Enquirer: 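One structure follows; several queries about it will come next.
Not measured: the values here are computed from a predicted model. Side-chain atoms are counted along with the backbone in the values below, which use heavy atoms only and exclude waters and symmetry mates. The chain is numbered in sequence order, starting from 1.
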Amino acid sequence: MISFFTPRPLIDADTALWISDVFQWAIEHFDGKAFFQQTQLIQPSNAFFPGRVTSVHEKADSIFQHCLTYTGLTHWPFTLTSPEMFSPQEPMRLGVEKIERHTEKALVTQQTESSLVLSYPPQQVAKPGDLAASFAHGLAQHMLAQYHQAPPGGPELFVPAAEVVAIFMGFGVLFSNSAYTFRGGCGSCYNPHANRSAALSEDECLFALAVFCKLKKIPISEAKQYLKPHLKGRLKKGMKQFERMESEVVEGLLQP
């Protein structure tokens with residue numbers, strides 16, 4: 001019998017279970033202790049991204065350095081280069097056996113002269129929230145690639161899994177806000193280069209953000225503070241869906 005009182009879920013059950021699996025996988029392999037003890041809910045505010053800049057690259061680098069700090073990967077050999085100097089290439093292998101975040105211990109590699117290079121679309125600097133999410137996604141992709149282990153769902157889900165891992169590292173509000181950009185009625189005012197290229201939908205980002213808040217015991221009101229207005233009710237819906245999932249799924253994730 002169909003129950004007319006069962007709330008409609010935010011996302012389909014299979015995707016919700018996959019996102020939960022990625023969180024469990026990230027807790028097990030990407031420093032769960034750091035997640036529970038040090039990871040913050042990053043907000044698009046001056047409190048999280050302070051600093052004065054005088055150029056486009058300085059602004060991008062300032063945002064990048066803050067993202068690097070919040071992901072806990074400052075001890076990795078990352079370098080941000082300007083778009084005109086960037087040349088895509090296969091990243092070097094660091095020989096990482098165990099992922100540690102938020103540590104002062106420098107990561108020693110055999111290629112001390114090399115680095116992991118990232119860049120950015122210059123038009124995206126005008127949208128700091130999108131740029132910060134893009135940086136967090138890039139850092140997460142490097143972390144997954146260095147670990148040499150496919151995420152839940154296999155290699156074909158590498159890119160969306162990296163977005164979930166970035167949300168696991170605290171960037172859920174920024175990902176949710178930038179997952180979809182309205183093109184408006186005039187194509188001339190839409191600049192695709194200024195927007196983040198999203199792998200997860202708004203609702204999938206919101207569900208992952210709800211999982212993050214539940215595990216970190218962060219009040220949903222705190223997460224909603226900087227969300228776009230049309231997303232706030234859907235975040236609450238995502239939280240209710242996660243809480244209705246099988247108890248063993250939720251309880252397994254809640255164990256540090």
Side-chain angles (χ1 to χ4, degrees), residues 9-11 15-49 66-74 99-103 129 132-133 135-137 139-140 143-144 147 151-152 160-179 200-228 231-256:
L10 181 67
I11 60 177
T15 303
L17 185 58
W18 174 76
I19 290 174
S20 301
D21 286 345
V22 175
F23 262 86
Q24 182 68 66
W25 180 71
I27 289 170
E28 292 174 358
H29 301 288
F30 300 130
D31 203 339
K33 182 178 179 181
F35 171 75
F36 285 104
Q37 295 183 359
Q38 293 170 277
T39 300
Q40 305 178 70
L41 176 64
I42 311 305
Q43 302 280 29
S45 69
N46 289 332
F48 283 91
F49 296 95
H66 287 305
C67 290
L68 197 57
T69 297
Y70 297 138
T71 57
L73 297 174
T74 55
I99 301 292
E100 291 182 293
R101 299 189 296 117
H102 297 288
T103 177
F135 282 148
H137 191 202
L139 293 168
M143 194 168 68
L144 267 66
Y147 194 60
E163 284 201 5
V164 177
V165 171
I167 294 172
F168 158 83
M169 293 193 290
F171 292 83
V173 172
L174 282 70
F175 272 80
S176 299
N177 281 341
S178 60
L200 300 177
S201 69
E202 278 183 338
D203 288 343
E204 289 164 350
C205 288
L206 288 167
F207 182 82
L209 175 57
V211 174
F212 176 90
C213 291
K214 181 69 175 181
L215 301 185
K216 292 285 294 178
K217 300 180 180 178
I218 294 173
I220 197 169
S221 57
E222 186 176 332
K224 289 164 62 176
Q225 183 179 1
Y226 287 96
L227 274 180
K228 291 179 178 178
L231 301 178
K232 295 182 179 183
R234 286 152 64 186
L235 175 62
K236 185 176 180 180
K237 193 173 185 179
M239 179 68 79
K240 289 181 177 180
Q241 179 179 358
F242 181 58
E243 291 173 342
R244 290 195 306 269
M245 291 177 67
E246 295 181 11
S247 59
E248 58 265 27
V249 174
V250 179
E251 290 173 6
L253 281 167
L254 290 172
Q255 297 301 318

Enquirer: Side-chain contact test, heavy atoms from C-beta onward, threshold under 4.5 Å: evaluate it for V211 versus F168 and give yes or no.
Expert: no
Enquirer: Run F212 and V173 through side-chain contact (heavy atoms from CB on, under 4.5 Å) and show every step you take.
Expert: CA-CA 10 Å; F212 176 90; V173 172; over 6 Å; no
Enquirer: Please report the closest heavy-atom contact between T71 and L68, naming both atoms and the distance.
Expert: OG1-O, 2.9 Å
Enquirer: Measure across V165 and A26 and return the closest heavy-atom pair with its distance rounded to 0.1 Å.
Expert: CG2-CB, 4.4 Å
Enquirer: Between CZ of F35 and CZ of R101, what distance do you get to the nearest 0.5 Å?
Expert: 8.5 Å
Enquirer: Distance check, rounded to the nearest 0.5 Å: L10 atom CG versus F242 atom CZ?
Expert: 13.5 Å
Enquirer: Tell me if a side-chain donor or acceptor on N177 pairs with a main-chain N or O of Y226 at a distance below 3.5 Å.
Expert: yes
Enquirer: Under 3.5 Å, side chain of Q43 to main-chain N/O of E222, donor-acceptor pair present?
Expert: yes
Enquirer: Do L139 and Y70 come within less than 4.5 Å of each other through their side chains, counting heavy atoms only?
Expert: no
Enquirer: Just do the side-chain contact (heavy atoms from CB on, under 4.5 Å) check on F23 and L215 with the steps written out, would you?
Expert: CA-CA 10 Å; F23 262 86; L215 301 185; 3.9 Å; yes
Enquirer: About how many Å separate CG of L227 and CG of L174, when rounded to the nearest 0.5 Å?
Expert: 9.5 Å
Enquirer: In the structure I gave you, are the side-chain heavy atoms of H29 and I99 within less than 4.5 Å of one another anywhere?
Expert: no
Enquirer: Are the side chains of L235 and S176 in contact, using a 4.5 Å heavy-atom criterion?
Expert: no
Enquirer: Which pair of non-hydrogen atoms, one from C213 and one from M239, has the smallest distance, and what is that distance?
Expert: CB-CE, 3.9 Å
Enquirer: How long is the straight-line distance from CZ of F135 back to CZ of F171, given to the nearest 0.5 Å?
Expert: 11.0 Å
Enquirer: If I take atom NZ from residue K240 and atom NZ from residue K237, how far apart are they, to the nearest 0.5 angstrom?
Expert: 10.0 Å
Enquirer: Could you please spell out the steps behind the side-chain contact (heavy atoms from CB on, under 4.5 Å) verdict for Q37 and H102?
Expert: CA-CA 10 Å; Q37 295 183 359; H102 297 288; over 6 Å; no
Enquirer: Got K232 and I220 here, is their nearest side-chain heavy-atom distance under 4.5 Å?
Expert: no
Enquirer: Could you tell me the separation between the NZ atom of K236 and the OG atom of S221, rounded to the nearest 0.5 Å?
Expert: 11.0 Å
Enquirer: For I19 and I11, what are the C-alpha separation, side-chain angles and deciding distance, and is it a side-chain contact (heavy atoms from CB on, under 4.5 Å)?
Expert: CA-CA 11 Å; I19 290 174; I11 60 177; 4.0 Å; yes
Enquirer: Are the side chains of H137 and F175 in touch, meaning some heavy atoms are under 4.5 Å apart?
Expert: yes
Enquirer: With a sphere of 6.0 Å drawn around NZ of K224, does it hold more than 12 non-hydrogen atoms of other residues, nucleotides or ligands?
Expert: yes
Enquirer: Taking side chain as C-beta onward, heavy atoms only, is E204 less than 4.5 Å from E163?
Expert: no
Enquirer: Can you give me the closest heavy-atom contact between A132 and C67, atom names plus distance?
Expert: O-SG, 3.6 Å
Enquirer: So which atom in S178 and which in A133 form the shortest heavy-atom distance, rounded to 0.1 Å?
Expert: OG-CB, 3.9 Å
Enquirer: Looking at every heavy atom in both M169 and A136, which two are closest together, and how far apart are they?
Expert: CE-O, 4.5 Å
Enquirer: Any heavy-atom pair between the side chains of K216 and L41 that's under 4.5 Å?
Expert: no
